[in-house]
Amino acid sequence: MKQKKTDISLEEKARQANGLSRSCSKCNHFPCSEVFSRLCSEAFIEGFKKGYQKHRKELSK
């Protein structure tokens, strides 16, 4: 029997996408401190969530 692929939350999807991001190598602040890195990651995750929700609203029209 095949295992069902579990649904992952939007937060987990955003964190996975953040891990795949290649933008750090192009950043003006690279290499950055841990604090700045965390701040950048949180901003990416917030933006990902907003974009995802906006896209879902547009699809449901």
Side-chain angles (χ1 to χ4, degrees):
M1 180 190 278
K2 288 186 177 181
Q3 290 181 341
K4 283 187 176 180
K5 187 176 181 179
T6 58
D7 292 332
I8 59 174
S9 70
L10 180 56
E11 179 83 21
E12 290 171 349
K13 287 179 185 179
R15 291 193 184 281
Q16 286 177 355
N18 186 36
L20 299 174
S21 175
R22 303 278 190 255
S23 61
C24 281
S25 62
K26 299 174 187 174
C27 180
N28 294 335
H29 304 290
F30 185 77
C32 58
S33 66
E34 184 178 332
V35 173
F36 194 75
S37 177
R38 187 177 314 125
L39 192 112
C40 184
S41 292
E42 289 173 4
F44 177 87
I45 291 168
E46 183 179 339
F48 183 93
K49 288 178 183 179
K50 286 181 181 180
Y52 183 87
Q53 291 168 353
K54 183 177 179 183
H55 182 68
R56 282 187 82 182
K57 284 181 183 178
E58 289 175 358
L59 287 177
S60 66
K61 287 182 179 180

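Quick note: numbers below take in every heavy atom, side chains included, and nothing from hydrogens, waters or symmetry partners.
For residues 25-36, every residue pair satisfying the salt bridge (charged side-chain N to carboxylate O under 4.0 Å, His left out) rule, not counting sequence neighbours, is listed here: Glu34-Arg38. Pairs passing the ring pair (Phe, Tyr, Trp, His ring centres under 6.0 Å) check and including a residue from residues 32-59, sequence neighbours excluded, read His29-Phe36.
In this structure, CD1 in Ile45 is found 5.5 Å from CD in Glu11, a value given to the nearest 0.5 Å. Taken to the nearest 0.5 Å, the CD atom of Glu42 stands 10.0 Å off from the OG atom of Ser37.
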